[in-house]
Amino acid sequence: MSTQATSNPAAATTTTPTRTATKRTILMCKPDFYTVSYRINPWMHPEDPTDTAKAVAQWQELHDVYQGLGFEIHLIDPIQGLPDMVYAANGGFVLDGVAYGAKFQYPERQPEGPAYMDWFRGAGLQVAEPVETNEGEGDFLLVGDVILAGTGFRSDSTSHEEIAKVYGRDVITLKLINPSFYHLDTAIAVLDPEPDADGRSNIAYLESAFDEPSLAILRERFPEAIIATEEDAAILGLNSYSDGYNVVIAARATTFAEQLRAKGYNPIGVDLSELLLGGGGVKCCTLDLHPVGTGNSAARS
Ligand code: ARG
């Protein structure tokens, strides 16, 4: 791809890092039954029409971009009457061969929890039944070897203790304060799914989405982070998915795309405008299965 920093002579004198794409294994759910029939976040307006065929076409484009990047894509069957099931990131959290199930806050989405658990079981994963309310990778993001965990709107902070016990990892609680950014993955993008040679993983985030103590944690832990603009965040631009080099983002998040390029990443824009009506974007449609022991590195194309 032509955006490699090293192909730009001017960049040779700067310190733009070289990025490495890793092979990703993900779970997605085709939006065959997508619509907006209830309102559980400020993006949703059930009184406005939605276009299921358009949602499917846009989702298919995302799927095909991932396929082109060489990702291993698993699919869960959509279920009629569960219009938000397309947002697979909320279906649970998977790491080390163990799926920690989601327990949704709103009754409209609660049947999704067991549906995803059945899929995890069928895929041969161990399952950890959730006791505490949590919305999977919507609020849990693996960065390096720690789990960043959101709370404030959906996942209860008690689930942060629960997930820490399930995986024996450090879990860092971050408090969200703006209802438009109600899941952690709407306010933070993980840019390096695996740590670089120095053991570092970077993120991008929206400062105004967090309370002060959480911001202090983010600033301290991620001094190199990309600080997203309000404009990009307002179209869920941060809700993106990276393989370490290629970062699939909302096509309209143009400043974010520039910020990514400046740091040596390759942004790839997709248009998920129809799924934005439900309050979701790229990452929401993508559950990272973090498979065990794949080594995972693939050469950059
Ligand atoms: N309508 C869904 C909800 O409010 C959107 C979920 C978006 N998913 C995400 N990972 N942020 O729950």
Side-chain angles (χ1 to χ4, degrees), residues 26-31 33-48 50 52 55 58-59 62 76 78-79 81-94 100-113 115-116 130 133-142 147-156 159 163 174 176 178-190 203-206 209-210 228 232-242 248-250 253 270 272-289:
I26 60 171
L27 177 64
M28 299 181 78
C29 181
K30 197 173 175 191
F33 304 110
Y34 173 76
T35 186
V36 176
S37 54
Y38 50 81
R39 186 162 207 245
I40 58 171
N41 70 54
W43 304 80
M44 301 174 87
H45 296 282
E47 65 283 8
D48 293 344
T50 47
T52 305
Q58 292 181 337
W59 176 91
L62 176 67
I76 179 172
I79 297 173
L82 297 178
D84 274 339
M85 204 172 159
V86 59
Y87 304 115
N90 303 131
F93 179 88
V94 183
Y100 169 52
K103 188 169 166 194
F104 285 86
Q105 179 171 134
Y106 291 104
E108 291 89 339
R109 294 197 71 182
Q110 279 164 3
E112 292 182 48
Y116 275 91
T133 298
N134 82 88
E135 300 198 352
E137 283 187 21
D139 277 323
F140 298 127
L141 297 172
L142 180 70
I147 297 169
L148 301 184
T151 189
F153 297 100
R154 300 293 181 86
S155 299
D156 200 291
S159 71
I163 197 174
L174 299 169
L176 297 160
N178 178 341
S180 292
F181 305 106
Y182 56 92
H183 275 143
L184 192 63
D185 70 357
T186 64
I188 290 186
V190 180
I203 63 169
Y205 64 94
L206 178 70
F210 296 94
D232 285 345
I235 48 154
L236 293 188
L238 279 170
N239 193 252
S240 57
Y241 188 67
S242 174
V248 184
I249 66 170
V270 294
L272 293 185
S273 58
E274 196 60 31
L275 292 163
L276 193 60
L277 302 177
V282 171
K283 177 61 181 75
C284 299
C285 297
T286 314
L287 180 80
D288 195 320
L289 292 170

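Atoms within each ligand, like the ligands themselves, are counted from 1 in listed order.
Using a 4.5 Å cut-off on side-chain heavy atoms (C-beta onward), D48 and L277 make no contact. The side-chain heavy atoms of L272 and V282, taken from C-beta on, include a pair separated by under 4.5 Å.
Checked against ring pair (Phe, Tyr, Trp, His ring centres under 6.0 Å), W59 has the following partners two or more places apart in sequence or in another chain: H63.
Between F181 and W43, the ring-plane angle classifies as perpendicular under the 30° and 60° cut-offs.
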Decide side chain to side chain donor-acceptor pair (under 3.5 Å) for Y116 and N90; before the verdict, give the C-alpha distance in whole Å, the side-chain angles of both, and the deciding distance to 0.1 Å.
CA-CA 9 Å; Y116 275 91; N90 303 131; over 6 Å; no
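Side chain of N134 to main chain of S155: no donor-acceptor pair is present (N/O by atom type, distance under 3.5 Å, no hydrogens or angles).
In this structure, ligand 1 sits under 4.0 Å from heavy atoms belonging to I40, N41, M44, D84, Y87, A89, N90, R109, G138, R154, Y182, H183, D185, T186, G278, G279, C284.
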